[in-house]
Participant: 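Would you mind keeping the following structure in view while I ask a few things?
Every chain is numbered from 1 and lettered A, B, ... according to where its sequence line falls, protein lines coming before strand lines.
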4 protein chains.
Amino acid sequence: MTKQKRIGARKEQILKAAEQVFAKKGFQQATISEIAREANVSDATIYEYFPTKEELLFTIPFETTRKGKKDLLLHLSLIRGAANKMRALIYWYLHFFEHHPDYGAVVLLILKSNREFLKTDTYQVVREWARLFVDIIKEGMESGEFKKDIDPYLVRSVILGTIEHSVISWLLIGRPKDLLSLVDPLTDLVVNGINKEDAMDTSRWNINISLERPQEKKISDMPAENE
Amino acid sequence: MTKQKRIGARKEQILKAAEQVFAKKGFQQATISEIAREANVSDATIYEYFPTKEELLFTIPFETTRKGKKDLLLHLSLIRGAANKMRALIYWYLHFFEHHPDYGAVVLLILKSNREFLKTDTYQVVREWARLFVDIIKEGMESGEFKKDIDPYLVRSVILGTIEHSVISWLLIGRPKDLLSLVDPLTDLVVNGINKEDAMDTSRWNINISLERPQEKKISDMPAENE
Amino acid sequence: MTKQKRIGARKEQILKAAEQVFAKKGFQQATISEIAREANVSDATIYEYFPTKEELLFTIPFETTRKGKKDLLLHLSLIRGAANKMRALIYWYLHFFEHHPDYGAVVLLILKSNREFLKTDTYQVVREWARLFVDIIKEGMESGEFKKDIDPYLVRSVILGTIEHSVISWLLIGRPKDLLSLVDPLTDLVVNGINKEDAMDTSRWNINISLERPQEKKISDMPAENE
Amino acid sequence: MTKQKRIGARKEQILKAAEQVFAKKGFQQATISEIAREANVSDATIYEYFPTKEELLFTIPFETTRKGKKDLLLHLSLIRGAANKMRALIYWYLHFFEHHPDYGAVVLLILKSNREFLKTDTYQVVREWARLFVDIIKEGMESGEFKKDIDPYLVRSVILGTIEHSVISWLLIGRPKDLLSLVDPLTDLVVNGINKEDAMDTSRWNINISLERPQEKKISDMPAENE
DNA sequence: TATGAATGAGGTTTCATTCAT
DNA sequence: GATGAATGAAACCTCATTCAT
């Protein structure tokens with residue numbers, strides 16, 4: 001193992017321990033000592049790798065989110081159609097929480113409500129990741145799959161808000177039992193809520209049929225805009 | 001002013017101050033001293049009315065939620081149609097946060113992720129309040145306004161999740177600028193997503209027409225069921 | 001009931017409650033609130049009768065000791081002989097504790113080790129009471145019942161020290177079971193230890209023992225038994 | 001200095017300071033800050049070595065008592081005769097207090113009346129130490145030096161009670177001036193009070209005649225109770 | 001006389017963080 | 001690089017006590 005890797009491994013080890021302890025105890029109740037114990041290092045060693053307890057917390061989602069975005073881009077590139085892609089996003093996010101409840105607790109119960117987190121590099125990575133949702137929605141709008149007059153940011157809020165609300169409920173009170181059971185109902189609700197065939201606003205209870213799929217746009221074509 | 005009222009007033013005064021300080025500083029960073037200063041009482045006086053700092057926090061939404069439910073029931077009784085009632089709920093909730101950002105910060109940034117809060121009486125009141133959403137959704141399902149095969153709890157998660165996610169964003173990064181601008185798009189998305197006329201699921205873009213509205217059910221008929 | 005008497009009764013009521021609570025909790029752990037509750041008065045009322053918590057404590061033995069001295073003087077006047085009187089003192093003191101354990105706890109566990117108590121009026125009454133012991137001992141010395149070369153203050157320390165040590169043990173660990181069983185052995189030990197007929201001093205016994213002494217046992221041989 | 005020794009030294013340093021401050025101020029009035037100042041460490045350092053203020057208090061007599069017992073066993077092994085050994089015990093105990101008044105104040109004014117202390121390990125060590133007294137008395141009973149019908153626990157109470165009562169008096173009001181002046185009078189009183197030569201029970205070695213004695217009550221009438 | 005209500009004052013304890021080794 | 005040992009800083013909470021009514 002190279003020196004570089006050894007350092008990386010040690011850092012990973014501490015981050016893993018921190019994730020566990022923060023998830024179980026919350027930020028304030030968690031102590032550096034307990035994290036150090038869990039990571040089999042001394043308290044002081046943690047400070048060799050992270051300047052403060054808060055920085056340690058903020059670092060937890062960094063790599064995960066960066067890799068998550070990379071993986072998602074690959075998956076999405078294999079899928080045709082904005083609605084299908086949206087389902088993939090929803091599936092992927094719920095599936096991830098289902099298998100990483102500690103991570104979910106750290107991100108949704110601690111970081112999501114932390115004002116300081118907004119100033120971090122990690123938050124920037126999270127924003128980039130979250131832009132995927134907007135990109136897909138815009139793609140659907142441009143392709144004609146989705147209505148033109150929707151607010152993609154609202155739609156993203158619907159998706160993220162619903163998922164995160166549900167995961168919090170799952171973490172704290174155990175309901176729903178199974179996160180993945182939400183994938184299809186949520187996808188359906190959102191897609192039905194925004195798809196082109198829905199004529200709600202122009203004419204009440206009208207009929208619209210779209211038989212052909214529009215051309216997919218490549219994700220890499222999407223502009224890196226501000227949110 | 002009667003003795004009863006004086007005590008109530010003092011309690012209210014402290015709760016108001018606590019709401020402000022908790023909203024600005026968060027739970028841990030807020031100090032009893034600062035709350036006391038804000039409330040123009042001594043530290044010790046706070047402990048005459050609330051046994052611990054945490055209990056003080058937990059008490060903040062009690063009356064508000066209780067009254068909120070009562071008010072909502074009145075409003076809803078004046079509205080016909082589940083979709084219209086749902087819009088009212090969404091409007092009311094967003095409108096409330098728009099005018100009570102400190103309250104929003106306390107509830108959404110502090111209490112929503114607090115495991116201990118789940119054990120409180122206040123939480124029970126919040127649950128009762130949240131049942132209103134489910135009741136309306138079920139009303140729509142029974143009346144035929146909404147599809148029969150939706151999960152009312154998921155729909156509630158969509159509404160609450162979206163609103164709360166948006167309010168957090170509004171509180172922390174100032175976007176969206178105007179919470180009430182979300183009312184119609186969100187209502188439309190949800191109602192379109194679940195309404196009867198829309199028989200489509202993601203695989204089939206089908207056509208369904210429903211011209212007549214079914215009979216409304218009164219809210220007061222709704223069973224007080226467990227969730 | 002005259003006004004005077006009503007006040008006295010209220011004071012007595014508070015003192016009784018204080019005795020109970022102090023005995024059960026100790027001085028610091030006892031609270032004015034608990035004493036007030038026990039006495040069926042408000043906290044503030046206690047301060048109508050006693051200037052401070054400490055003064056309340058210090059007042060507890062005042063009347064009891066004053067009356068105790070008076071009673072004892074009567075009893076003693078009926079008894080002939082210093083040894084008999086000494087037995088009466090011992091009996092009286094142990095009997096009193098046997099029937100007033102709360103009082104014993106207050107006096108022996110709290111007041112006896114309190115430096116401030118030495119400055120009080122109550123302490124002066126206690127000193128007068130304790131002088132009875134010295135008086136009896138001196139009486140015995142003068143009458144020839146006791147040796148002339150004893151220190152009456154030491155003898156008093158033996159009596160009071162033994163009794164108080166025993167009562168503390170009785171209060172805290174329940175041994176001895178019966179305080180009054182100590183009366184005669186203690187009286188005998190002290191009276192034999194100081195009476196005229198006993199002409200031995202420590203320098204002379206060694207001569208008497210040499211021949212018939214059993215073998216010494218080494219301390220290290222002693223079993224480490226439970227007591 | 002080895003690490004082990006350094007830790008021991010630091011602990012000792014804190015215990016010494018605590019002894020001083022507790023002795024001067026009492027338990028409640030003493031503050032951790034003052035102890036820390038006296039020990040030249042920070043407040044927090046005290047909590048590295050002792051979990052609570054009360055535990056710190058309870059630890060003070062641990063080593064001293066353990067070593068005291070060990071030393072006493074050595075001394076006693078060099079002395080022949082139970083009476084002589086008893087004098088040694090009395091001497092040793094008074095001598096110790098004479099030279100360790102702070103320790104005396106902690107043990108006699110604070111710990112002796114503390115119910116919680118009875119649950120500690122230190123108290124068990126004290127009990128073992130106190131058994132030495134009983135062992136010596138029993139030795140004297142078996143050897144024939146002391147009467148057979150005495151209660152060794154009462155005799156111990158006489159010795160400990162007298163000494164502790166006297167030391168408290170010495171500490172609080174400065175009388176007696178010299179603790180060691182009590183050694184011989186107390187030894188004489190006790191030994192005379194219980195020795196075999198005492199004419200009370202028609203001992204074999206007696207050369208004394210008692211003409212004016214009032215009727216004794218037989219010790220053997222008393223129940224032989226447990227301590 | 002009695003008390004409800006208010007508070008001043010202060011100490012124990014916890015930990016994140018530092019630094020010499 | 002790793003850590004044992006030390007500590008600065010701070011805040012909750014408790015009650016004895018006061019005083020207007």
Side-chain angles (χ1 to χ4, degrees), chain A residues 3 6-7 10-11 14 27-36 39-57, chain B residues 3-4 6-7 10-11 14 27-36 39-56, chain C residues 3 6-7 10 14 27-36 39-57, chain D residues 3-4 6-7 10-11 14 25 27-36 39-56:
Chain A
K3 191 172 166 189
R6 228 184 318 113
I7 290 178
R10 185 62 70 102
K11 216 167 168 171
I14 293 169
F27 181 69
Q28 292 292 342
Q29 298 301 319
T31 66
I32 290 289
S33 289
E34 187 170 357
I35 294 169
N40 286 316
V41 298
S42 72
D43 291 26
T45 296
I46 290 182
Y47 285 89
E48 295 288 324
Y49 293 88
F50 302 94
T52 66
K53 183 187 177 189
E54 206 174 33
E55 271 302 316
L56 169 57
L57 169 71
Chain B
K3 189 202 290 182
Q4 200 69 359
R6 231 185 315 114
I7 289 180
R10 187 61 73 108
K11 218 168 166 170
I14 293 168
F27 180 69
Q28 293 291 342
Q29 298 303 319
T31 67
I32 289 290
S33 290
E34 187 169 358
I35 294 169
N40 284 317
V41 297
S42 70
D43 292 25
T45 296
I46 290 182
Y47 286 92
E48 292 287 318
Y49 292 86
F50 302 94
T52 64
K53 184 187 175 189
E54 205 174 32
E55 272 301 315
L56 170 57
Chain C
K3 190 175 171 188
R6 231 187 315 113
I7 290 180
R10 185 62 72 102
I14 293 169
F27 180 70
Q28 293 291 342
Q29 298 302 318
T31 66
I32 290 288
S33 289
E34 187 170 358
I35 294 169
N40 287 316
V41 298
S42 73
D43 292 24
T45 297
I46 289 182
Y47 286 89
E48 295 288 323
Y49 293 88
F50 303 94
T52 65
K53 184 187 177 188
E54 206 173 32
E55 271 302 316
L56 170 56
L57 170 71
Chain D
K3 189 203 288 180
Q4 200 70 359
R6 231 185 314 115
I7 291 179
R10 187 60 74 107
K11 218 169 166 169
I14 293 168
K25 300 287 188 74
F27 180 70
Q28 293 290 342
Q29 298 303 319
T31 67
I32 289 289
S33 290
E34 187 170 358
I35 294 169
N40 285 316
V41 297
S42 71
D43 292 25
T45 297
I46 290 181
Y47 285 89
E48 292 287 317
Y49 292 88
F50 302 95
T52 64
K53 186 187 177 187
E54 204 174 34
E55 272 300 315
L56 170 56

Participant: C:E48 side chain: which of E:dT17, F:dT7, E:dT1 is closest?
Facilitator: E:dT1
Participant: Reckon A:R10 has a side-chain N or O less than 4.0 Å from the OP1 or OP2 of F:dG1?
Facilitator: no
Participant: Nearest heavy atom decides the nucleotide; on that basis, is B:T31 or C:Y47 closer to the 5' end of DNA chain F?
Facilitator: B:T31
Participant: By nearest heavy atom, map C:V41 and A:S33 onto DNA chain E; which one lands nearer the 5' end?
Facilitator: C:V41
Participant: My understanding is that a pair needs two contacts under 3.5 Å, Watson-Crick or G-U wobble. By that rule, which nucleotide pairs with F:dC13?
Facilitator: E:dG10
Participant: Give a yes/no answer on whether the side chain of D:S42 brings an N or O atom under 4.0 Å of OP1 or OP2 in F:dA6.
Facilitator: no
Participant: Between C:N40 and A:E54, which residue's closest nucleotide on DNA chain E lies nearer the 5′ terminus?
Facilitator: C:N40
Participant: So D:F27 and C:Q28, do their side chains get closer than 4.5 Å, heavy atoms only?
Facilitator: no
Participant: Could you tell me how far apart A:L56 (CG) and E:dA16 (P) are, to the nearest whole angstrom?
Facilitator: 11 Å
Participant: Compare the minimum distances between each of F:dA6, E:dA6, E:dT13 and the side chain of D:K53, then state the nucleotide with the smallest one.
Facilitator: E:dT13
Participant: Figure out the CD/C1' separation between B:Q28 and F:dA9, and round it to whole Å.
Facilitator: 15 Å
Participant: Over how many whole Å does the gap from B:I32 atom CD1 to E:dG8 atom P extend?
Facilitator: 15 Å
Participant: Taking side chain as C-beta onward, heavy atoms only, is B:V41 less than 4.5 Å from B:I35?
Facilitator: no
Participant: Which atom names give the shortest non-hydrogen contact between D:A39 and D:I14, and what distance separates them?
Facilitator: CB-CA, 4.1 Å
Participant: Using a heavy-atom cut-off of under 4.0 Å over every strand shown, decide if C:A36 touches base, sugar-phosphate, or nothing.
Facilitator: nothing
Participant: What is the distance, to the nearest angstrom, from the CD atom on C:E34 to the P atom on F:dT14?
Facilitator: 15 Å
Participant: Identify whether any heavy atom of D:Y49 sits under 4.0 Å from a base atom; if not, whether one sits that close to sugar-phosphate; answer base, sugar-phosphate or nothing.
Facilitator: sugar-phosphate
Participant: Taking the nucleotide of DNA chain F with the closest heavy atom to each, which residue, B:D43 or A:D43, is nearer the 5' end?
Facilitator: A:D43
Participant: Is it true that, when you exclude C:E54 itself, more than 12 heavy atoms of the residues, nucleotides or ligands shown sit nearer than 6.0 Å to its CD?
Facilitator: yes
Participant: Let's test this: given Watson-Crick or G-U wobble pairing with both distances under 3.5 Å, identify the partner of E:dA20.
Facilitator: F:dT3
Participant: Against the six-membered ring of C:Y47, is C:K53 placed for a cation-pi contact (under 6.0 Å from the centre, within 45° of the normal)?
Facilitator: no
